[in-house]
Amino acid sequence: MFQQDLIGWFEAEQRDLPWRKDKDPYKVWVSEIMLQQTRVDTVIPYFLRFIEQFPTIQALSTAEEDRVLKAWEGLGYYSRARNLQSAVKEVHENYGGIVPDDPKEISTLKGVGPYTAGAILSIAYGIPEPAVDGNVMRVLSRILLIWDDIAKASSRKIFEEAVRRLISHENPSYFNQALMELGALICTPTSPSCLLCPVREHCQAFQEGSQNELPIKTKNKKHRHVQIAAAVLRNDEGKILIHKRPEKGLLANLWEFPNIEVALPFVNEKDQLKEAVKDLYKADIQIGGMIGQIEHVFSHLTWNINAYEGKIQSIEMESKELKLVTIEEMKEFTFSVSHQKMMKQYFEGDE
DNA sequence: TATACGTGGTG
DNA sequence: TCACCAAGTAT
């Protein structure tokens with residue numbers, strides 16, 4: 001029987017992962033958010049530090065957002081962290097600190113979409129709800145010979161219906177986790193290990209030899225490139241000017257060095273940056289030499305940063321989004337990896 | 001429905 | 001080198 005073969009394999013072969021130590025709905029929740037579009041090996045150290053720092057719903061709901069972002073620094077998709085804290089506060093205040101076990105209720109929480117709702121409900125509460133991620137679509141497309149394009153949003157419900165038909169009501173937690181684990185370890189995107197697969201006898205793609213043609217997934221478009229000019233600016237005390245990014249959009253609420261998107265060609269960018277800093281931050285600055293050129297690739301765009309050093313002649317510090325900090329203080333603020341690269345270039349050239 | 005949203009690993 | 005990816009969600 002398919003369910004038995006799948007779950008039996010999972011019981012024998014599952015990886016020893018820190019979020020599998022218990023079924024605390026809060027910890028399951030944190031792990032599922034971190035694992036969105038993110039590799040297991042990357043998540044492990046973040047999960048351990050995060051749970052150590054914020055062990056309970058109570059702890060996370062009362063934490064400073066800046067500390068939460070700092071704990072997330074380097075993990076990417078930072079709105080996950082802010083949505084998680086917002087949703088945890090909601091549970092703390094309106095659900096008595098108990099993660100709801102109802103599909104409709106849990107789905108109203110920020111950052112909890114159809115996959116995460118199903119994952120928490122099945123893993124923490126043993127409720128037979130589908131948890132369809134990329135692994136599950138890949139595995140089931142092969143087992144059931146489903147040729148729909150998994151890149152299309154409309155395909156997910158096809159797989160959810162399949163899971164509703166197949167899911168073990170005896171152990172929905174292991175059933176869902178086993179599908180994902182199988183996708184991660186055996187039924188991989190390229191060159192799946194069908195000869196090691198515990199359910200190959202149930203797999204229609206294996207029977208007809210089409211496992212390498214599935215799943216169907218259309219390609220994404222190539223992304224755009226953006227030219228950035230940025231500067232590490234110090235005043236006569238040696239303090240460095242940093243700026244908090246807007247609360248929406250790319251790298252929301254993270255800190256950065258003053259920078260602009262270069263509209264006009266290369267030659268003027270130092271002047272453009274100087275003028276922008278004057279307008280935006282009411283600062284008179286002098287931009288000096290280049291400290292580095294950084295390419296930073298996001299999922300949907302690439303930044304090509306020309307980074308300069310510079311001096312602050314005068315500045316009106318009014319805005320909360322602006323700070324002059326020492327190098328030591330700077331470590332307390334959350335920066336994107338692109339700006340960490342700048343920092344590194346600057347300090348390597350500073351010796 | 002399509003696009004914005006990060007990062008580091010990989011064949 | 002580089003496209004593709006890895007336990008998706010919000011808008």
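All values below were derived from every heavy atom in this structure, side-chain atoms included, with hydrogens, water molecules and symmetry-related copies excluded. Each chain gets a letter, A, B and so on, in the order its sequence line appears, and its residues count up from 1.
- Taking the six-membered ring wherever Trp is involved, the centroid distance between the rings of A:F50 and A:F54 falls below 6.0 Å.
- Between A:L250 atom CG and B:dG6 atom C1' there is a gap of 8 Å when expressed in whole angstrom units.
- With rounding to whole Å, A:N83 atom CG is found 11 Å from B:dC5 atom C1'.
- Residues A:G111 and A:K217 each lie close to DNA chain C; by heavy-atom proximity, the contact nearer the 5' end of the strand is made by A:K217.
- Across all strands, A:R20 comes closer than 4.0 Å to base atoms (heavy-atom distances).
- Along DNA chain B, the nucleotide nearest to A:K341 and the one nearest to A:K152 differ in position, and the one closer to the 5' end is contacted by A:K152.
- The side chain of A:H300 lies closest to B:dC5, out of B:dT7, C:dT9, B:dC5.
- For the P atom pair drawn from C:dA6 and B:dC5, the interatomic distance equals 23 Å after rounding to whole Å.
- There is a side-chain donor-acceptor pair under 3.5 Å between A:R20 and A:Q177.
- Within the 4.0 angstrom heavy-atom criterion, only backbone atoms of the sugar-phosphate kind lie near A:G249; the bases stay farther away.
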| Are A:K157 and A:E160 close enough, and set up right, to give a salt bridge (charged side-chain N to carboxylate O under 4.0 Å, His left out), and what steps lead you there? | CA-CA 5 Å; A:K157 63 178 184 293; A:E160 283 178 350; over 6 Å; no
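- When rounded to the nearest whole Å, the span between CG of A:L109 and C1' of C:dA10 equals 14 Å.
- Among the heavy atoms of the strands lying under 4.0 Å from A:L17 is at least one base atom, whether or not backbone atoms are also near.
- For the pair A:F298 CZ and B:dG8 P, the computed distance is 11 Å after rounding to whole Å.
- Residue contacts shown for A:W19 include a base, since a base heavy atom lies under 4.0 Å away.
- Atom CD in A:E295 sits roughly 11 Å away from atom P in C:dA3 (whole-Å rounding).
- Taking atom CD1 of residue A:I33 and atom P of nucleotide C:dA10, one finds them 8 Å apart after rounding to whole Å.
- With B:dT1, B:dT7, C:dT9 as the choices, the nucleotide that has an atom nearest any side-chain atom of A:T116 turns out to be C:dT9.
- Counted within 6.0 Å of CD on A:E201, heavy atoms from surrounding residues, nucleotides or ligands total 12 or fewer; the atom is thus considered open.
- Residue contacts shown for A:V43 are absent, as no nucleic acid heavy atom lies under 4.0 Å away.
- For A:A153, the side-chain atoms get nearest to B:dT1 when compared with the rest of B:dT1, C:dT9, B:dT7.
- In this structure, A:V112 reaches the sugar-phosphate backbone alone: every heavy-atom distance under 4.0 Å involves primed, P, OP1 or OP2 atoms, never a base.
- Here the side chain of A:Q37 is nearest to one of B:dC5, C:dA10, C:dG8, namely C:dG8.
- Distance from the side chain of A:R39 is smallest to C:dC5 among C:dC5, B:dG6, B:dT1.
- Taking atom CD1 on A:I294 and atom C1' on B:dT7, their separation rounds to 16 Å, with Å as the unit.
- In this structure, A:R82 is not positioned above the aromatic face of A:Y78 in the sense of NZ or CZ being under 6.0 Å from the six-membered ring centre and within 45° of the axis.
- Rounded to whole Å, the C1' atom of C:dC5 lies 16 Å from the corresponding atom of C:dT1.
- Ring orientation note: the planes of A:W19 and A:F47 are nearly perpendicular, at an angle over 60° on the 30°/60° scale.
- Counted by atom type alone, A:Q293 and A:N306 present one or more donor-acceptor pairs between their side chains at under 3.5 Å.
- Side chain of A:T38, nearest nucleotide from B:dG8, B:dG6, C:dG8: B:dG6.
- In this structure, CE of A:M137 is placed 12 Å from P of C:dC5, rounded to the nearest angstrom.
- Annotation: B:dG8 and C:dT9 have their P atoms spaced 22 Å apart (nearest Å).
- For A:S336, the listed nucleotide lying nearest its side chain is B:dT7; candidates were C:dA6, C:dA10, B:dT7.
- Taking atom P in both B:dT3 and C:dC4, one finds a spacing of 15 Å when rounded to whole Å.
- In this structure, A:Y77 does not reach the C:dA10 phosphate: none of its side-chain N or O atoms is under 4.0 Å from OP1 or OP2.
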